Amino acid sequence: MATAAEEEVRYGIVGVGMMGREHLHNLAHLAAEVGREQSVKVRVTGLADPDHESLRLGLQLADELGLPAPQTFSGHRELLDSGLCDAVIVSSPNMTHYEILMDIISHRQPHHILVEKPLCTTVQHCKKVIEAAKQRPDIIVQVGLEYRYMPPVAKLIDIVKSGTLGQVRMVAIREHRFPFLVKVDNWNRFNCNSGGTLVEKCCHFFDLMRLFAAANPVRVMASGAIDVNHKDEMYDGKVPDIIDNAYVIVEFDNGSRGMLDLCMFAEGSRNEQEISVVGDTGKGEAFVPESIVRFGKRMEGRDGVVTIMAEDERIKYQGLHHGSSYLEHLNFLSAIRAQGACGPSVNLSDGLLSVAIGVAGQLSIEQGRFVTMEEVLGS
């Protein structure tokens with residue numbers, strides 16, 4: 001592994017589908033920016049994917065971005081054994097995360113890890129990854145819950161943490177968006193591969209609820225169904241089973257509550273995400289992609305509401321997530337360069353709890369009852 005003195009970090013990407021190539025974009029911009037400002041060299045040295053077309057597209061993109069051609073591998077183990085990488089981005093399909101993470105963590109050579117959400121598709125696998133990582137203090141594992149870096153969301157987080165809204169009592173998040181995109185082999189059409197919609201897509205929002213509430217979840221109640229999307233699709237004789245809309249209520253251990261309103265057939269929306277946080281003295285809202293934040297005090301009423309545009313001048317590439325993936329990479333690189341002096345900005349515990357809330361929500365829909373976090377997390 002490159003030392004701090006060498007000022008070089010070599011990246012490998014495992015899974016070069018849509019998100020893998022998005023990471024490649026971000027790393028290209030990161031390499032140009034930090035090389036100019038911080039005199040650290042960022043290089044993408046390896047791409048691993050069993051899908052030949054994904055590898056071809058990855059190499060093509062690297063060339064278009066002006067990057068030296070990375071070495072390609074048909075699997076993650078070959079990439080790890082190559083000795084070419086100091087850090088590995090895991091952006092493969094959800095159901096492969098557990099095996100890949102365990103292989104990276106147990107490898108004789110240390111590799112820092114940025115794993116796309118969800119950490120794993122089951123609570124049990126998340127917990128096993130956490131236990132394995134405890135035995136490797138020489139590596140950093142960061143979870144890709146990058147929505148917290150979106151400028152309007154980050155600004156609202158700052159407002160909440162400043163105490164402007166008082167004690168947070170309610171968090172409401174609405175995501176009204178387009179259906180799931182087509183992925184390699186249509187893996188994301190089935191709960192057994194993705195963990196279910198509330199794990200695959202909504203772990204982002206459960207993570208944000210925890211941040212805003214500054215508390216941990218106690219129990220979850222959800223209602224959801226497959227009402228519009230994917231009903232006329234069939235793959236290997238099977239009809240997709242992923243829900244396309246849901247309401248989810250999350251109760252926290254400090255008495256606050258969160259609610260998710262999810263609809264994945266709502267392309268006719270001005271904003272994809274609308275977030276409302278209400279405390280005992282004020283209210284704040286964030287809107288994506290308008291990048292607007294509003295907040296006001298109860299005592300000042302409607303006339304006292306402040307509206308601001310949220311921006312982050314550090315962002316050099318907007319990409320698919322409004323610049324949040326670029327900021328995620330900045331944070332990951334900073335943690336690597338700190339050589340363990342600071343932990344990752346989104347840790348494995350964050351990843352576990354975001355998955356666990358989603359699992360509880362999926363179970364609640366199936367069984368029509370409140371599900372406690374205790375029964376999902378176990379001992």
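Note that the structure is a prediction, hence the values are computed from the model and not measured.
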Aromatic plane relationship, H321 with Y147 - under 30° parallel, 30 to 60° tilted, over 60° perpendicular: tilted
Donor on one side chain, acceptor on other, E200 and N94, under 3.5 Å: yes
Heavy-atom pair of closest approach, residues V239 and H230: CG1-O, 4.3 Å
Ion pair R148/E328, N-O distance below 4.0 Å: no
Over 12 foreign heavy atoms within 6.0 Å of CG, D185: no
Salt bridge D236-K238, side-chain N to carboxylate O under 4.0 Å: no
Neighbour count above 12 (heavy atom, 6.0 Å) for M102 CE: yes
K183 atom NZ, neighbour heavy-atom count above 12 within 6.0 Å: yes
Note: D81-R108 ion pair, threshold 4.0 Å (strictly below): yes
Electrostatic pair D244-K231, nearest N-O below 4.0 angstrom: no
Between E116 and H23, a side-chain donor and acceptor under 3.5 Å: yes
Minimal non-hydrogen separation, L260 against C202, with atom names: CD2-SG, 3.6 Å
More than 12 heavy atoms from other groups under 6.0 Å of OH on Y247: no
Pair E64, Q60: side-chain N/O donor-acceptor within cut-off below 3.5 Å: yes
Side chain to side chain contact (heavy atoms under 4.5 Å, CB included) evaluation trace for F265 with N245: CA-CA 8 Å; F265 44 90; N245 71 101; 3.9 Å; yes
Derivation of the salt bridge (charged side-chain N to carboxylate O under 4.0 Å, His left out) call for E7 and R337: CA-CA 8 Å; E7 291 296 321; R337 296 184 70 199; 2.6 Å; yes
Ring center gap for Y326 and H29 short of 6.0 angstrom: no
Pairing of E131 and K128 as salt bridge, 4.0 angstrom limit: no
Heavy-atom side-chain proximity of I13 to S91 below 4.5 angstrom: yes
Residues, nucleotides or ligands: over 12 heavy atoms within 6.0 Å of R298 CZ: no
Steps toward side chain to side chain contact (heavy atoms under 4.5 Å, CB included) verdict (Y149, I315): CA-CA 10 Å; Y149 305 130; I315 295 172; over 6 Å; no
